[in-house]
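See structure below.
Bear in mind that the values here come from a model prediction, so they are computed numbers and not experimental data. Residue numbers begin at 1 in each chain, while the letters A, B, ... track the order of the sequences.
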There are 2 protein chains.
Amino acid sequence: MRPNKRDELVRKALQVFYRDGFHATGMDRLVVETGVSKTSMYKHFRTKEELILAVLRLRDENFRNWFVRRIEELADTPADQLLAAFDALGEWFREDNFRGCMFIKAGAEYQDPDHPIHVQAGEHKRLLLEYFTDLCRKAGARDPDKLACQLLLLKEGAIVTAVLLHSCDPARDAKEAAQVLLQNALA
Amino acid sequence: MRPNKRDELVRKALQVFYRDGFHATGMDRLVVETGVSKTSMYKHFRTKEELILAVLRLRDENFRNWFVRRIEELADTPADQLLAAFDALGEWFREDNFRGCMFIKAGAEYQDPDHPIHVQAGEHKRLLLEYFTDLCRKAGARDPDKLACQLLLLKEGAIVTAVLLHSCDPARDAKEAAQVLLQNALA
DNA sequence: TCCTTTGCGTACAGATCAGTACATAATGCC
DNA sequence: GGCATTATGTACTGATCTGTACGCAAAGGA
C-alpha cells in the first residue's frame, strides 16, 4: 500500500470523473481504468464518496495553482492581474478536454447543501473569492469585497456559458465587463 | 392514455429531477411518486431520455414565462427591465425549494456536447440570450449583442454562486454590476 | 523450513438500473 | 350480450451499482 499509489489513483479518477461525471462513473470502471484491483481501491478509499472528496481536493489544488501562476505570468500589477484572470480562463476554454468546472458539476450532482461533496465544492469557490478579494484590495478598489464577488460572477458565468453554448467568446466578453467594473471601482 | 395525463407525469417528474438530479433519480422512483404503473410510464415516454427532454421543454417554458412576466411587472422601460431581471433572480433564489438552474445541471450531467439533453440545455440559454439582446437593443445599447452576453454571464454566475455559497447576495451584486455595464453601454 | 502477516484478485452479495413480457381489467363498437 | 382493442399492474430480464468475503501468493521472522 504505497502512499504514492493512492495519489496515482486519485489522479486517474480525476480524469474519468471530470470527463464522464460522478454518478455516471462506477467504481467498476475506475478499477478497470486504473488497473488496480477492487480490494486495493477500497483499501485506499473506504467509499466512493471518500474517493470523490480526495479527487476534489486534488482538483482544487491543481486548478488554483495553475490559475494563480498563469495570472502572475500574464500580468504584474493587481489590476492587470484581475483582467488577466479572464485571459487565463480563455486559454482553459480552448483546451481540447475542457469540460467546465468540476466544482459546479459536483454541486449539481450532489445538491443537498449539507452533503460533504457539495460543501467542499463551495469551499473551492470561497477560496477563489478570497484570492480575488485580495487582488481587488491591492488594486485599491473602493469596495474590494463587492468587486471581487462581481468578478467571480463573471468568471462562473463565463464557464457555464462556454460549456452550454460551446463558445470561447464568454471569456472575452467577461474580460471587457471586468474592465468596465474595475475602472468604475477605482475611479 | 389521456393527453393531460402525460403533462401531469412531466410536471411531477420535473419536481423530482429538479430536487434530486437526473442520474440519481431512477424510473422506479418516478413510477412510485407519480402513482402510475411502469407500463403506462413507458407508453408515454419510450425512454428515460425522452422523459427528460419533455421535462426540459416544460421547464424552459415555465421559467422563461415566469421570468419575462415578472420582469415586465417590475419595470417598464427596457433599461429598467434589464436591471429588474436581477431582482427577479433574487426572488427566485429566496424560494424554499430553489435548487439552481435545471439546465446548468442537465449540461453538467450530460456533458457530451452532442447529447440531445446537452443540446436542449444550451437552447434554453440561447433563448434567454435572445431575450436579453432584444431588451438591450430597445434600450439603445451601443453593442446589444455584447451587453446581452455580459448580462447573461452575470445571471449564470449569480445562479451558480448562490447555489454553492448558499447566499442570495449574488443577485444584488450582479444587479449593481449590470447597472455599471448598462450605464457604460448607453453613454 | 515453517509459520504468520500482509496485499491482492476473483467472485460474489444485495440493491437498483432501464426497459419488457404477459396477464388482466376497462372500454368501445355492434 | 359478445368481441376486439386498449390501458394498466405485476413480475421479470440482464446489466450495473456499491461494497465485501474469501482464497491465494509473496514476504518477513525464527
Q | A/Arg29 CZ: over 12 foreign heavy atoms closer than 6.0 Å | A | yes
Q) Once the angle between the rings of B/His124 and B/Phe103 is folded into 0 to 90°, is it parallel (under 30°), tilted (30 to 60°) or perpendicular (over 60°)? A) parallel
Q | Length of the line joining A/Lys38:NZ and D/dT18:C1', which is rounded to integer Å | A | 7 Å
Q. Are a donor atom and an acceptor atom from the side chains of B/Gln111 and A/Lys105 found within less than 3.5 Å of each other?
A. yes
**Q.** Any donor-acceptor N/O pair under 3.5 Å between C/dT20 base and B/Thr39 side chain
**A.** no
Q. Could you give the CE-to-P distance, from A/Met41 to C/dT10, as a whole number of Å?
A. 15 Å
Q) Does B/Lys48 get its side chain close enough to the base of C/dG19, under 3.5 Å, for a donor-acceptor pair? A) no
Q. A/His44 has an atom NE2; how far is it from atom C1' of C/dG7, in whole Å?
A. 10 Å
Q | Contact under 4.0 Å: B/Ser40 side-chain N or O vs D/dT8 OP1/OP2 | A | yes
**Q.** Spacing of A/Lys43 atom NZ relative to D/dA21 atom P, expressed in whole Å
**A.** 11 Å
Q: Please tell me if the side chains of A/Leu14 and A/Asn62 come closer than 4.5 Å, counting only heavy atoms from C-beta onward.
A: yes
Q. Rounding to a whole Å, what distance do you find between B/Tyr42:OH and C/dA21:P?
A. 13 Å
Q: Could you state the atom-to-atom distance from CZ of A/Arg6 to C1' of C/dG7 in whole Å?
A: 17 Å
Q: Please say whether more than 12 non-hydrogen atoms of neighbouring residues, nucleotides or ligands are located less than 6.0 Å from CD in A/Glu33.
A: yes
Q) Near DNA chain D, under 4.0 Å by heavy atom, which residues of residues 17-31 of chain B? A) none
Q.
Side-chain N or O of A/Ser37 versus OP1/OP2 of C/dG9: is the shortest distance under 4.0 Å?
A. yes
Q: Report, as yes or no, whether the 6.0 Å neighbourhood of atom CZ on B/Arg69 holds more than 12 heavy atoms from other residues, nucleotides or ligands.
A: no
